[in-house]
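I have placed the structure first, in the form of structure tokens, so that the comments after it can refer back to it.
We count ligands from 1, going down the list as the structure has it; atoms in each ligand are counted the same way. Only a predicted model underlies this, so the values are computations on that prediction, with no experimental measurement involved. Scope of the values below: all heavy atoms of this structure, side chains included, with no hydrogens, waters or symmetry mates.
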Amino acid sequence: MVMAYRYRKYHHILRLGLHSNMNVTRKRVMVTGGAGFLGSHLCEQLLAQGNDVLCVDNYFTGRRDNIAHMLSNPHFETMRHDICFPLYVEVDEIYNLACPASPVHYQHDPVQTTKTSLIGAINMLGLAKRVGAKVFQASTSEVYGDPTVHPQTEDYRGNVNTLGPRACYDEGKRCAETLFFDYRRQHNLPIKVVRIFNTYGPRMHPDDGRVVSNFIVQALRGEDITIYGDGSQTRAFCFVDDLIAGFLRMMATGADVTGPVNLGNPHEIPVRELAERVVSLIGAESKIVYRPLPQDDPLQRCPDISLAKRLLDWTPKVDLETGLLQTIAYFAQLLGVPARKA
Ligand SMILES: NC(=O)c1ccc[n+]([C@@H]2O[C@H](COP(=O)([O-])OP(=O)(O)OC[C@H]3O[C@@H](n4cnc5c(N)ncnc54)[C@H](O)[C@@H]3O)[C@@H](O)[C@H]2O)c1
């Protein structure tokens, strides 16, 4: 069933002609997964830029608390909807972020993860084609699998285990990219594909099993810090504000820029060092304990962001300590504990 839903409140171009400085051109922008970690920050920035924003989410991993502060804004609208079902709304731009992103969430219902990636992409691409919208895909560094080249450039084709427990996500995102490029070739659709590397910041899930949130929550609770493997595996962490700035720059590029473009912070640190930084910033007394590495967990992942620098004039600006302190403050408030132990 095609859901007929008119995004009716605003006109495409709203002109308030009383004074010349009141001329406003508002874009109608839809964000799928808008109540999630990245989506809620993106909605905020899109509102700040003067757009009308429609957040579409089925709240599988997203939370209404993430968007509560925007609900009173007349230019913000939300819709509970699963993108595996078609949707018709008149919009100018679509950011397709809907998909559980952490292994614990996407492996919870792997078939639904694949459906969200594929059927969701088909629905969003179909909508974009129908209403003539630009469409942006939040792809992932997971398309590189357990990479054999470092750092990863966009032309590296990846090393993914098609049968493993991460494949529902990795292969789902890979095929979604294929769909985006086929819609581009077949229908000349304006597409924007970015490959996101590890991102952290306020509004991450406290129980999503990702290293940054795990370490912070464990340290704030005074629990042992769990490292999977020996901690020598490296990760590169991008603060959410930097990433969202990259999204907006990508969407603003001309039709010839399709991506895929890597977005992430190329500054690598070993996971063990991250744990030590978190413990020291919180002043916690937590011990570090080691557990076996999960299947298919990549040992190293680091973006080559030369293309983003060249095409978008984009580089991450927020250093790890600044970003960690903001994230710690968020989790401390969520857990109702002080951000810094005495
Ligand atoms: N955070 C990262 O480090 C990272 C890295 C690589 C890629 N990404 C991609 O960025 C996007 C956002 O990730 P995030 O970290 O904000 O994750 P998140 O889980 O916080 O957000 C995903 C959102 O999508 C919603 N959702 C899931 N399935 C849906 C469906 N079928 N229909 C409608 N809504 C649905 C969830 O409820 C949630 O609000 C995802 O597509 C993810 O694959 C994120």
All side chain to side chain donor-acceptor pair (under 3.5 Å) counterparts of Thr148, not counting sequence neighbours: Tyr156
For Arg221, all residues meeting side-chain contact (heavy atoms from CB on, under 4.5 Å), sequence neighbours excluded: Val217, Glu223, Leu335
Atom-level proximity to ligand 1, residues with heavy atom under 4.0 Å: Gly33, Ala35, Gly36, Phe37, Leu38, Asp57, Asn58, Tyr59, Phe60, Thr61, Gly62, His81, Asp82, Ile83, Leu97, Ala98, Cys99, Pro100, Ala101, Gln112, Thr116, Ala138, Ser139, Thr140, Tyr169, Lys173, Ile196, Phe197, Asn198, Thr199, His205, Arg210
His187 and Tyr183 aromatic ring geometry - parallel, tilted or perpendicular at 30°/60° bounds: tilted
Ile196-Tyr144 co-clustered via ILVMFWY side chain contacts under 4.5 Å: no
Inter-residue atom distance Ile288.CD1 - Asp224.CG, 0.5 Å rounding: 9.5 Å
Qualifying residues under side chain to side chain donor-acceptor pair (under 3.5 Å), relative to Asn58, sequence neighbours excluded: none
